[in-house]
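Report on the following structure.
Whatever order the structure lists them in is the order used to number ligands and atoms, beginning at 1. For the numbers below, each heavy atom of this structure counts, side chains included, while hydrogens, waters and symmetry mates do not. Along the sequence shown, residues carry numbers from 1. The structure presented is a predicted model; accordingly, all values stated were derived computationally and were not measured.
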Amino acid sequence: MLLFPLLGALALSVYGKSLMDPSTEEEAMAYLKQFGYLQKPLESDSEEFSLEEVQKAIEAFQLASQLPESGLMDNATLERMRQPRCGLEDPFNQVTLRYLLLGRWRKKNLTYRIYNYTPDMPKEKVREAIKAAFKYWSDVTPLKFREIDYGRADIRISFHQGGVGCSRPFDGPGKVLAHADIPELGTVHFDEDEEWTEGSYFGVNLRIIAAHELGHALGLGHSRFSNALMAPVYSGYKSNFRLHDDDVKGMQALYGKNCFCKNDKYEEKKPVTTLAPAVPTPTGPMPDPCHDDLDAIILGPYGKTYAFKGDYVWTITDYGTGPVTKIQSLWKGLPGNLDAAVHSKRTKRTYFFKGDKFWRYTDFKLNYGYPKALTRVPPNISAALFWEGNQKIFLFKGDDYWQWDELAWSILQPKKISSLFTGVPGKLDAALTWKNSKIYFFKGDKYWRVNKQLRVDRGYPLSKAERWMQCIHLD
Ligand SMILES: *[C@@H]1O[C@H](CO)[C@@H](O)[C@H](O)[C@H]1NC(C)=O
Ligand SMILES: *[C@@H]1O[C@H](CO)[C@@H](O)[C@H](O)[C@H]1NC(C)=O
Ligand SMILES: *[C@@H]1O[C@H](CO)[C@@H](O)[C@H](O)[C@H]1NC(C)=O
């Protein structure tokens, strides 16, 4: 069978000026097909692709690789295709499709094997979590999964710490939780530096992350719906977790629906979902980092950025947001719905403000005698930050601010925000001095960056959701 009957035409029209020799063209075509950029419906047995389909596939690959979308096979594109991969490139920018398909297994009965276990959970619980993760997908497709404990399985699951056992090293706690290869490679790796859990808001839920990684291993890219399982950001443990319609549609586009024929009619099997909640539901709703305003934000202990909303906190990294966890699981004794928070670089203490009280922590330990009454400033502070310039803490409320020296007793006098900062609004939600020593102010979805002269930088405000939470922008 002639695999690439259009090759001649491509050499002329797609690749242009014979940039590529025929073997390179063949390599590129094979890559686009293997990784799902070029695909025919399952039923089609034709292997022919039109020029337009090939151009679209190259564009989709370039978009996903953050290369200029020329639709032409140039050196940069080829180079990107040749990069070694352990784990999935993030095709997150693929906003033109509802879901991005990365490839497909040719068989529907697949085996899996768990090569090692995390010490965080009993072995049987790990096996149950992985089994449940596969079940989400087998419930909605004709796929069948069987665990084996010897020999080479189609899908190979293991836990790794740092760079051990994988060419793409993990990064310690937070950030990257797991990664998987696309069909038909079958590796699924979990970061052993995470705290893997089940039935708990603490740590990272193994079942949900496994279901997400299996989604990749079976050929799904990331979804642009932030509440889909295949969203690029883990949104934390949910006791009533279930697949999003976009997850189901994406997988069914790859493998078809789970149905059986009865009287010549297709009947869909009802997906069985949800495990019973193992802990009581939290008091407040789980926030959505993409849409909710902030209560507070700090550059906290160990240089991590923490964002607070309601009863929850999540970290912000260069790669987006970390899992949303209960504040109580990190700072024991701290209430939710905080007014403001600040971490002092000078004393390494973290202060939290709510109503007419404030709490002081060293790392995650509440200091003796706290909470204390807020007496030198009015209650209901709205934002707080540590300014490296004078090593003082700034508290904000309405249009006013107070400067507070942690290590000296002084009367605090309110001053107008506009008398110190140029271009910063009043009634702030949150503020911090970040790793780059710059001051940021937050209000709604907007944020302002302030320069050394304490003026708002040009081009601000920008969107917090886009820049800080790295949420995809629809439309
Ligand atoms: C592409 O790479 C080849 C081989 O490395 C080189 O000869 C050619 O000049 C490059 N073309 C462009 C447009 O950079
Ligand atoms: C797949 O597995 C099912 C049962 O699990 C079995 O009935 C079917 O024959 C298998 N198909 C293949 C192609 O092995
Ligand atoms: C502070 O906030 C609480 C709760 O929103 C409110 O009941 C109280 O009146 C506020 N106090 C002041 C002085 O603004």
For residues 419-434, which side-chain N or O atoms pair as donor and acceptor with protein atoms under 3.5 Å away, sequence neighbours left out?
from: Ser419; atom 1: OG; to: Lys416; atom 2: O; distance (Å): 2.6
from: Asp429; atom 1: OD2; to: Gly444; atom 2: N; distance (Å): 2.7
from: Thr433; atom 1: OG1; to: Phe386; atom 2: O; distance (Å): 2.4
from: Trp434; atom 1: NE1; to: Thr305; atom 2: OG1; distance (Å): 2.8

salt_bridge(Arg346, Asp405) N-O dist < 4.0 Å: yes

Heavy-atom count around Lys123 NZ within 6.0 Å, excluding the residue itself: above 12? no

List below, pair by pair, the N or O atoms of ligand 3 and of the protein that are less than 3.5 Å apart, including the distance to 0.1 Å; reply 'none' if no pair qualifies.
from: ligand 3; atom 1: 2 (O); to: Asn380; atom 2: OD1; distance (Å): 3.2
from: ligand 3; atom 1: 2 (O); to: Asn380; atom 2: ND2; distance (Å): 2.2
from: ligand 3; atom 1: 11 (N); to: Asn380; atom 2: ND2; distance (Å): 3.0
from: ligand 3; atom 1: 14 (O); to: Asn380; atom 2: ND2; distance (Å): 3.2

Taking atom types as modelled, is there a side-chain donor on Ser158 or Asn116 under 3.5 Å from an acceptor on the other? no

What class does the angle between the rings of Tyr306 and Trp331 fall in, given that below 30° is parallel, 30 to 60° is tilted and above 60° is perpendicular? perpendicular

Within the 4.5 Å heavy-atom criterion, are Phe308 and Trp314 side-chain neighbours or not? no

